Amino acid sequence: MLEIAQVELPDILIKKLGNMQDVKDTIYSKPQQVAEFRFDQSVAEVFPDMIQRSVPGYSTIVDTIGQICGRYAQPNTHIYDLGCSLGAASLAASKYIDKDDCHIIAIDNSAAMAQRCELHVQAYKAATPIKVICDDIQNINIENASCVVMNFTLQFIPPAQRIEIIKKIHAGLNSGGVLLLSEKLSHDTEQGNELLIDLHHEFKRRNGYSELEISQKRSALEDVMRTETFEQHKNRLLQVGFSDVVRWFTCFNFASIVAIKG
Ligand code: GEK
């Protein structure tokens with residue numbers, strides 16, 4: 001395993017970030033030569049607004065992930081939040097976990113995200129400690145885990161590499177542990193898929209995104225975010241050895257799953 005360093009914030013950044021309020025996402029509001037989507041500084045700055053207006057049920061999903069972590073966390077274990085962004089799921093987990101000696105490890109390979117996440121964590125002063133690490137989840141060892149959260153992260157990993165990550169998570173989970181996986185899905189018929197995409201776009205329109213914003217964001221994500229069907233996710237989870245795959249949330253083409261290691 002690579003030597004990984006916990007994120008540290010220079011004073012000047014703490015001051016700068018501390019003065020900033022949540023900023024509205026206007027990244028794709030002007031016509032532009034659309035580049036591949038990246039989780040850079042400009043995205044990190046507007047992320048809470050972006051994800052809230054783009055993912056149906058995001059607040060419910062995050063809070064329920066916290067509750068499920070509260071149920072499944074075992075004393076003296078690790079809870080991993082892979083692709084943590086600003087740490088929403090880690091903070092929810094820390095709110096609900098009441099077992100002794102649990103440690104939450106939040107990982108993101110975007111430096112902009114990890115630094116802001118560290119700031120959120122410091123401001124929140126969680127009861128269950130949260131350590132923020134800036135690294136690729138493919139470099140991270142998963143060990144002595146009772147819960148692993150992947151809240152809309154696996155979709156950004158190239159499909160051929162997903163099985164190795166899921167295997168690593170399964171191997172690092174203790175018996176009775178869970179993987180909490182949320183993903184944007186594709187549907188296995190063209191008609192059904194188009195319906196779900198349309199309903200999602202309508203959700204975004206109703207949240208104030210213009211046609212231009214919706215179509216430019218869609219182009220930016222085209223090669224970066226590869227969706228799979230629920231059956232593909234379920235089959236992979238069962239193939240690596242999870243004993244039960246429970247889909248607890250669905251809205252349009254978004255779903256959240258608990259995979260239980262028996
Ligand atoms: C939330 N979970 O708010 N290694 C580490 N991080 C990665 C990798 C990787 N290989 N690939 C992508 N990321 C969060 C929301 S967002 C989902 C997750 C979205 C990170 C990436 O930098 C970004 O912060 C996050 O995964 C995906 O509960 O924006 O749709």
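Small disclaimer: the values here were computed from a predicted structure and weren't measured. For the numbers below, each heavy atom of this structure counts, side chains included, while hydrogens, waters and symmetry mates do not.
Listed for the D101 side chain is no donor-acceptor partner under 3.5 Å among the backbone atoms of H103. Judged by distance alone, the side chain of Q32 and the main-chain N or O of K30 form a donor-acceptor pair under 3.5 Å. Counting only distance, with no hydrogens or angles, the side chain of T229 and the backbone of S186 share no donor-acceptor pair below 3.5 Å. Side chain of N193 to backbone of H187: a donor-acceptor contact under 3.5 angstrom is found. With hydrogens and angles ignored, the 3.5 Å screen pairs no side-chain donor or acceptor of Q122 with any backbone N or O of C117. With hydrogens and angles ignored, the 3.5 Å screen pairs a side-chain donor or acceptor of H200 with a backbone N or O of S54. Checking side-chain atoms of K261 against main-chain N and O of F242 turns up no donor-acceptor pair under 3.5 Å. In this structure, the side chain of T77 engages the main chain of Q74 through a donor-acceptor pair within 3.5 Å.
Atom-to-atom distance recorded for D98:CG and S94:OG is 12.0 Å, nearest 0.5 angstrom. Remark: Q239 CD to N235 CG distance equals 8.0 Å, nearest 0.5 Å. For the atom pair L181 CG and T153 OG1, the distance stands at 9.0 Å (nearest 0.5 Å). In this structure, the separation between OG on S146 and CG on N76 is 10.0 Å, given to the nearest 0.5 Å. For the atom pair S215 OG and H201 NE2, the distance stands at 9.0 Å (nearest 0.5 Å). To the nearest 0.5 Å, atoms CD (Q191) and CG (L196) are separated by 11.0 Å.
For the pair P56 and F249, the tightest heavy-atom approach, listed with the atom from each and the gap, is O-CZ, 3.6 Å. Listed here is the closest heavy atom pair of L185 and T227: C-CB, 4.0 Å. Between T60 and W248, the shortest heavy-atom contact is O-CH2, 4.2 Å. Counting all heavy atoms, side chain and backbone alike, S175 lies closest to G262 at OG-O, 3.3 Å. Contact between I140 and D136 at its shortest, heavy atoms only, is CG1-O, 3.5 Å. Nearest heavy atom pair, residue I130 against residue A126, reads CD1-CB, 4.0 Å.
Residues N151 and I65 are in side-chain contact: their nearest non-hydrogen atoms beyond the backbone lie under 4.5 Å apart. Side-chain contact between P48 and L86: present, with at least one pair of heavy atoms (C-beta onward) separated by less than 4.5 Å. Within the 4.5 Å cutoff, the side chain of C147 has no heavy atoms near those of the I68 side chain. Looking at heavy atoms from C-beta onward, I165 lies in side-chain contact with Q138 at the 4.5 angstrom threshold. Counting heavy atoms from C-beta on, the side chains of I214 and Y28 never come closer than 4.5 Å. Within the 4.5 Å cutoff, no side-chain heavy atoms of V43 are placed close to those of D25. With contacts defined as side-chain heavy-atom distances shorter than 4.5 Å, the pair E36/D223 qualifies. In this structure, the side chains of I79 and I105 stay at 4.5 Å or more apart for every pair of heavy atoms.
Sorted by first and then second residue, the salt bridge (Lys or Arg N to Asp or Glu O under 4.0 Å) pairs with a member in residues 179-191 form an empty list; sequence neighbours excluded. Evaluation of the salt bridge (Lys or Arg N to Asp or Glu O under 4.0 Å) test over residues 48-73, restricted to residues two or more places apart or in two chains, returns D49-R53, D63-K95. Within the structure, the ring-ring contact (aromatic ring centres under 6.0 Å, His included) test picks out the following pairs touching residues 33-60 (sequence neighbours left out): F37-F39, F39-F156. The ring-ring contact (aromatic ring centres under 6.0 Å, His included) pairs that include a residue from residues 206-228 number zero, where partners must be two or more places apart or lie in different chains. Applying the salt bridge (Lys or Arg N to Asp or Glu O under 4.0 Å) rule to pairs touching residues 158-178 yields R162-E228, E164-K167, sequence neighbours excluded. Sorted by first and then second residue, the salt bridge (Lys or Arg N to Asp or Glu O under 4.0 Å) pairs with a member in residues 203-218 read E202-R205, E202-R206, R205-E211; sequence neighbours excluded. Sorted pairs that involve residues 105-114 and meet side chain to side chain donor-acceptor pair (under 3.5 Å), not counting sequence neighbours, are lacking altogether.
In this view, F230 satisfies the ring pair (Phe, Tyr, Trp, His ring centres under 6.0 Å) rule with no residue, not counting sequence neighbours. Looking at residues two or more places apart in sequence or on another chain, you find no ring pair (Phe, Tyr, Trp, His ring centres under 6.0 Å) involving H233. The ring pair (Phe, Tyr, Trp, His ring centres under 6.0 Å) test applied to H78 returns Y80, not counting sequence neighbours. Looking at residues two or more places apart in sequence or on another chain, you find no ring pair (Phe, Tyr, Trp, His ring centres under 6.0 Å) involving H120.
In terms of hydrophobic clustering, with Ile, Leu, Val, Met, Phe, Trp and Tyr side chains grouped at heavy-atom distances under 4.5 Å, Y96 and Y124 are assigned to different clusters. Residues I197 and V55 do not share a hydrophobic cluster, clusters being chains of Ile/Leu/Val/Met/Phe/Trp/Tyr side chains in contact below 4.5 Å. A continuous path of ILVMFWY side-chain contacts below 4.5 Å connects V148 to V245, so both sit in one hydrophobic cluster. Connection of V224 to F254 is established within a shared hydrophobic cluster, with ILVMFWY side chains joined at heavy-atom distances below 4.5 Å, either directly or through further cluster members. Under a hydrophobic clustering in which Ile, Leu, Val, Met, Phe, Trp and Tyr are joined whenever their side-chain heavy atoms come within less than 4.5 Å, directly or via other members, L212 and V34 fall into different clusters.
In this structure, L195 shares a hydrophobic cluster with L199, F203, F252, the cluster being traced through Ile, Leu, Val, Met, Phe, Trp and Tyr side chains under 4.5 angstrom apart.
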Report task. Kindly indicate, with the supporting measurements, whether the criterion side-chain contact (heavy atoms from CB on, under 4.5 Å) is fulfilled by V246 and I257. Result -> CA-CA 5 Å; V246 185; I257 296 163; 6.0 Å; no
Requested in this report: Apply side-chain contact (heavy atoms from CB on, under 4.5 Å) to R236 and E231, showing your working.
Outcome: CA-CA 8 Å; R236 183 167 44 227; E231 282 67 31; over 6 Å; no
Report task. Could you please spell out the steps behind the side-chain contact (heavy atoms from CB on, under 4.5 Å) verdict for C69 and V149? Result -> CA-CA 9 Å; C69 287; V149 178; 4.0 Å; yes
Requested in this report: Apply side-chain contact (heavy atoms from CB on, under 4.5 Å) to Q115 and V132, showing your working.
Outcome: CA-CA 8 Å; Q115 286 184 331; V132 182; over 6 Å; no
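In K99, the NZ atom is crowded: over 12 heavy atoms of neighbouring residues, nucleotides or ligands sit closer than 6.0 Å.
Using modelled atom types and a 3.5 Å distance limit, the side chains of S256 and S182 yield a donor-acceptor pair.
The side chain to side chain contact (heavy atoms under 4.5 Å, CB included) test with M150 singles out one residue from L180, D81, I137, and that residue is I137.
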